[in-house]
Amino acid sequence: MSQRIKVAAALKNGPIGALVDVRGWVRTRRESKQGFAFVELNDGSCMANLQIVVDQSVPGYQQFIKQLTTGSSIGVIGELKASPAKGQAVEVHARELTVFGTADAEKYPLQKKGHSFEFLREIAHLRPRTNTFGAMARVRNALCVAIHEFFQSRGFVYVHTPIVTTSDCEGAGQMFQVTTLDLARLAQKQAELDYTQDFFGKRASLTVSGQLEAETFACAVGDCYTFGPTFRAENSNTTRHLSEFWMVEPEMPFYDLNDNMRLAEDFIRSIIKYVLDHCADDMKFFAERIDKTVLETAENIVNHDFARVSYTEAIEILETCGQKFEFPVQWGTDLQSEHERYLAEQKFKRPVILYDYPRAIKSFYMRCNEDGKTVRAMDVLVPRAGEIIGGSQREERLDVLIERMQECGLNPDDYWWYLDLRRYGTVPHAGFGLGLERVLLLLTGMTNIRDVIPYPRTPKHAEF
RNA sequence: UCCCCGAUAGCUCAAUCGGUAGAGCGAGCGGCUGUUAACCGCUAGGUUCUAGGUUCGAGUCCUAGUCGGGGAGCCA
């Protein structure tokens, strides 16, 4: 009787001498005219391939051996043995081999060679079969597990905030509209859109943040977090932006900004450590093939405190550092990419938390400081990926919040339910948003955010 | 959306001053080998992104467009 096992299991502590059943896709075949062949089998369970030794005595050898091209799928039943040659500890000596599906070597796009990421993006349905994207899938998975473990172990409640929203006013950028109206027909008629006839009876969009809804749960069940897809219809064409990305948003009652910063720091450190501990082979691959510094960077984050400076202090540092910037440094304006990069990559060489930003450049819901000029906002900046966290202590005072809404040109009536949190049992609270893909940039050393998500959505791109 | 760069074989790229289109890898075939990004030989493979223009002659120069990459802004 054969035992079906994954390649990862076979390589790790496979039962030497046992008859195993392994299935997957052929990476390469090295054929000998002497009547045997070596086949590298990969099933995605780990980075490494399992070497299959196929002798011509295996039934059907002459028929199947030429079909074992890169990309073909096979099942092998054979004995797991210690390998006599260098390069692998174990190998499988085939007794039976089944070809599930062939892959025409002249047409199959993935070759036995390196491909550019630009090319692989055009065949995103096949790129998970490559080393880089297989590793990415496993690291991304581990990171998501780490996120849940972190919060669950601290008693946070996982809350599903809505994807579709009718609060047209979340304020965090352009939104994708959701409609069942027949736009093509309405365009011909050139009629005014009547949203009362639309599916939800009013204008609806995809969420740009689950924060406001998360706050309602934080003010009920306590510490909680949302983790899901987020949509921004900005016309951003950069290596750091996606139209559809995944965001983690914890929200905690009775937290002030310092508690928030401490949690953010523990959180990042913890999830990175988890990936280092659980994806050693994949991380080693990124270190060897993508960016030599990734392990160093990750360990540096795990082992050192983040720098913390107020916005005002950061401005002083930038003004006096002697570095020449393309854009001027000035109190009251947002920091430019080059400024943030200087702070994280040159000045501190580790993650930096900036806090207490000018109120004029931040959102209405951030708590106003007593100085009247700043709000209790924070951004976590890291080398390479830039801003991976944005958060704040929330304004819990009803009158101040209403005033701020008006200052920001928003109509408080639209936020009646959000304001109710301040009307009934208001509490100080805080939270932040973490961009999952930006953590992956930081972790893996990949430089384009389109290569850390399975199917990237960016302006003009929603293939597959 | 703005700025810069690019598009040549399946992939990655080369082609001098404007003068008959090349390599490596991949693929096929053969050789060799307990091989392992194997190695050696041979073969096939091209509307040089599209449409105009300049020229005796355009991969190369000009104009427009399409697509791609990088940077900026917006942010996570």
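Quick note on labels: first sequence line is chain A, next is B, and so on, each numbered from 1. For clarity, every value in this text was computed on a predicted model and none was experimentally measured. Excluded from the calculations below are hydrogen atoms, water molecules and symmetry mates; all remaining heavy atoms, backbone and side chain alike, are included.
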Check every atom of [options] against the side chain of [X] and return the nucleotide holding the closest atom.
{"X": "A:Arg450", "options": "B:G34, B:G68, B:G69", "value": "B:G69"}
{"X": "A:Ala105", "options": "B:G28, B:A72, B:A76", "value": "B:G28"}
{"X": "A:Leu242", "options": "B:C74, B:G34, B:A76", "value": "B:A76"}

Any donor-acceptor N/O pair under 3.5 Å between [N] base and [X] side chain:
{"X": "A:Glu106", "N": "B:G45", "value": "no"}
{"X": "A:Ser236", "N": "B:C74", "value": "yes"}
{"X": "A:His241", "N": "B:C75", "value": "yes"}
{"X": "A:Arg438", "N": "B:C75", "value": "yes"}
{"X": "A:Gln51", "N": "B:U35", "value": "yes"}
{"X": "A:Gln88", "N": "B:U35", "value": "yes"}
{"X": "A:Gln111", "N": "B:G10", "value": "yes"}

Whole-Å distance separating the CD atom of A:Glu118 from the C1' atom of B:G69 = 6 Å
Rounded to the nearest Å, what distance is computed from the CG atom of residue A:Asp55 to the C1' atom of nucleotide B:U35?
->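 Result: 14 Å.
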Most 5' of A:Ser243 and A:Arg240 on RNA chain B, judged by nearest nucleotide = A:Arg240
Return the 5'-most residue of the pair A:Glu122, A:Asn237 with respect to RNA chain B, ranking by each residue's nearest nucleotide.
-> A:Asn237
Sequence neighbours excluded - side-chain hydrogen bond (donor to acceptor under 3.5 Å, both in side chains) pairs with any residue from residues 331-340 of chain A =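 Non-adjacent pairs meeting side-chain hydrogen bond (donor to acceptor under 3.5 Å, both in side chains): A:Thr312-A:Trp331.
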Take atom CZ of A:Phe285 as the centre, draw a 6.0 Å sphere, and report whether it contains more than 12 heavy atoms from other residues, nucleotides or ligands.
->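 More than 12 heavy atoms, drawn from other residues, nucleotides or ligands, come within 6.0 Å of this atom.
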If you write RNA chain B from 5' to 3' in dot-bracket form, with Watson-Crick or G-U pairs under 3.5 Å, [ ] for crossing pairs and | for pairs with another strand, what do you get?
-> (((((((..((((.....[..)))).(((((.......))))).....(((((..]....))))))))))))....
B:G69 and B:C56, which share atom name P, separated by this distance in whole Å = 40 Å
Which donor-acceptor pairs under 3.5 Å do the side chains of residues 115-127 of chain A make with protein atoms, sequence neighbours left out?
{"from": "A:His115", "atom 1": "NE2", "to": "A:Gln111", "atom 2": "N", "distance (Å)": "2.9"}
{"from": "A:Ser116", "atom 1": "OG", "to": "A:Phe119", "atom 2": "N", "distance (Å)": "3.1"}
{"from": "A:Arg121", "atom 1": "NE", "to": "A:Asp451", "atom 2": "OD1", "distance (Å)": "2.9"}
{"from": "A:Arg121", "atom 1": "NH2", "to": "A:Asp451", "atom 2": "OD2", "distance (Å)": "2.8"}
{"from": "A:Arg127", "atom 1": "NH1", "to": "A:Asp451", "atom 2": "OD1", "distance (Å)": "3.2"}
{"from": "A:Arg127", "atom 1": "NH2", "to": "A:Arg450", "atom 2": "O", "distance (Å)": "3.3"}
{"from": "A:Arg127", "atom 1": "NH2", "to": "A:Ile453", "atom 2": "O", "distance (Å)": "2.9"}
{"from": "A:Arg127", "atom 1": "NH2", "to": "A:Pro454", "atom 2": "O", "distance (Å)": "2.9"}

Consider only side-chain N and O atoms of A:His461 and A:Glu463, and report whether a donor and an acceptor are under 3.5 Å apart.
->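 The answer is no; no qualifying pair exists.
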